[in-house]
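In what follows, a structure is listed as structure tokens, so that the remarks can point back to it.
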Amino acid sequence: NDVIIDGCTAYNTKRWGGIIVFGAYSENRRSRNITIRNSTVYNVYGDGILEACVVDAIIENCVSHDVGNMPENRMGTPNGIWQYFTDNGTVRNCEAYNTHSPQHDGGGFDIDILNKNCTVEYCYAHDNDAYGVAVFAAFDPYLKRGTTVNSVVRYNLFYNNGRTAPTVGGDGCDQGDIYIFSWNNGDFDGVQIYNNTSVWQPVQDFAAIKAIDNKYVGTLPNFIRNNIIQSNQPILTNIGPGIELSNNLYFFTDDDKGNPPSWIYNGKVYNSLLTYNTESGEEWNSIYADPLFESGSVKLSAGSAATNAGTYIFDRGPRDYYKVAIPQGQFCDIGAAESYNLALNPGFDKGNRFPWSVWLLDGYAGVTSFERRSGSHSGFVGGGVATLSQEILELTPNTTYTASGYVLNESFPSGNVYFGVKDAGTDEVSVAIENTNDLWKFVSINFKTGPASNSALVYLYCKDVTTWSW
């Protein structure tokens, strides 16, 4: 009990694993309070990092790569970083790549059988033989139980996994990038897969998400929500009944070549997301669209259909994969990356307007606690010609951005307030907002910076004596 492995490197061995902590294979004699952190494993024959038969287990800030080098299955099938027969386990801020296996597995991360209350979050799995992450269940005759309970996979990035094809006795990319699988009468009570981004580029056409022939029991929620799946192969999902899907974004990168995307549900193939939703009742509010990733990352560009398109997840954690607080907009985004707010003091909750500026002719502008949508304060303009504005810095030239916010406009008898962007090296853009009838209205505009511009001015402008806006 009470073991910390910190700052270690394990490498170049034909032994089974790099760093492994085991407890007794008994409900009451497992190890407790085990932490592995800031450590690296590479060039080993079996698993990278494993905690097994543990209660209260953490693996964080670790890297596993080039593991599973055993040429044949002598005692098991390796994974990068995983936990087995573990209660209250967390794997976070870890990276797993170049994981190999002579047979099954060969994935980056794994919530394995007999686990309870285990989470994989903020991790990066790439270039592995098989999946990015898996959740497993199986009945154990010795312990006489087989339910994997309350598994959470959130805000992870999976890229370019599925590097090997299935062989006789081996699964490879057939397991998918996100793999939920049970055998030997195992079942699941609570599987939550949300806000992950999968860029799936397998060597053969297999689904990015695979969850078939599983049994779901108990009262905990089972769902797959708010995930981005971008694939270079047309089969996007292969799902069986029992787990709910919604608010996911899908994109097949080669759908312009006459080979349509497909979703498999309960054995039936659908070539339309709408038809799939209508007939199966799954994938409500899901989207088929290019996610519009920024160049060289999975962050969302302006205009992405994934922005503000996620559904609310209870106890979703405080941040995204890139450590950006969530949500930044009206709703959370789909995928592992939340669109980042470049505006400073965006909600005026500091109680002052810095770094916002005011320009007044005969009106008023500033910060008030009189009207507010949330928090303690809001910015306002009104009573004549007045502007509240902020210069947004550190923008990238020739790049599209989105400016958005909530506006409450009261005009008597009528009048508009203008939300806009100028001084970006391109034409000024704005939207006129009429009386919102005591309701906060969400407004959003896209703008593009010029070839030599790295800043823009965002503003709220009033020109009517009888108009007040917050």
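Note: hydrogens, waters and symmetry copies are ignored here, and every other heavy atom, side chains too, is used. Note that the coordinates shown come from a computational prediction; the quantities given were computed from them, not determined experimentally.
A distance-only check finds a donor-acceptor pair linking the side chain of N341 to the backbone of A343 [under 3.5 Å]. With hydrogens and angles ignored, the 3.5 Å screen pairs no side-chain donor or acceptor of Q83 with any backbone N or O of A52. Side-chain atoms of D189 come within 3.5 Å of backbone N or O of L220 as a donor-acceptor pair. The closest donor-acceptor contact from the side chain of N161 to the backbone of N128 lies under 3.5 Å. S101 places a side-chain N or O within 3.5 Å of a backbone atom of Q103 that can act as its donor or acceptor partner. Put simply, the side chain of T399 gets close to the backbone of T396: a donor and an acceptor are under 3.5 Å apart.
Applying the ring pair (Phe, Tyr, Trp, His ring centres under 6.0 Å) rule to pairs touching residues 199-236 yields F188-Y216, sequence neighbours excluded. Among residue pairs with one or both ends in residues 44-72, those qualifying as ring pair (Phe, Tyr, Trp, His ring centres under 6.0 Å) are Y42-H65, H65-Y97; sequence neighbours excluded.
Every residue two or more places apart in sequence or in another chain that forms a side-chain hydrogen bond (donor to acceptor under 3.5 Å, both in side chains) with T402 is listed here: N446. For E121, the salt bridge (charged side-chain N to carboxylate O under 4.0 Å, His left out) partners at least two apart in sequence or on another chain are R92, R154. Applying the salt bridge (charged side-chain N to carboxylate O under 4.0 Å, His left out) rule to K116 yields no partners; only residues at least two apart in sequence or on another chain are considered.
Ring centroid separation for the pair Y179 and F136 comes in under the 6.0 Å cut-off. With ring centers used as reference points, Y122 lies 6.0 Å or more from Y321.
N69 and N43 are linked by a side-chain donor-acceptor pair at a separation below 3.5 angstrom, with hydrogens and angles left out of the test. A side-chain donor-acceptor contact under 3.5 Å links S286 and E283. Under the 3.5 Å distance criterion, with hydrogens and angles disregarded, no donor-acceptor pair is assigned to the side chains of D127 and N98. In this model, no donor atom of one side chain and acceptor atom of the other lie less than 3.5 Å apart for D333 and T307.
Using a 4.5 Å cut-off on side-chain heavy atoms (C-beta onward), I239 and I264 make no contact.
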Please output the side-chain donor-acceptor pairs of residues 290-303 that fall under 3.5 Å, not counting sequence neighbours, one pair per line with the distance.
{"from": "D290", "atom 1": "OD1", "to": "L292", "atom 2": "N", "distance (Å)": "2.9"}
{"from": "S297", "atom 1": "OG", "to": "K299", "atom 2": "N", "distance (Å)": "3.1"}
{"from": "S301", "atom 1": "OG", "to": "L292", "atom 2": "O", "distance (Å)": "3.2"}

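Counted within 6.0 Å of CZ on R32, heavy atoms from surrounding residues, nucleotides or ligands total 12 or fewer; the atom is thus considered open. The number of heavy atoms from other shown groups lying within 6.0 Å of OH (Y340) does not exceed 12. Annotation for W183: atom CH2 counts as buried by contact number, over 12 foreign heavy atoms lying within 6.0 Å.
Screening F331, Y406, F419 against F442 for a ring pair (Phe, Tyr, Trp, His ring centres under 6.0 Å) leaves a single residue, Y406. Results of the side-chain hydrogen bond (donor to acceptor under 3.5 Å, both in side chains) test with N196 over N156, D177, N248 single out N156 as the only residue that passes.
Here the straight-line distance linking atom CD1 of I34 with atom CD1 of I59 works out to 11.0 Å at 0.5 Å rounding. Here the OG-CD1 distance, from S304 to I334, works out to 8.0 Å after rounding to the nearest 0.5 Å. Atom CG of D213 is separated from atom CG of N266 by 9.0 Å, given to the nearest 0.5 angstrom.
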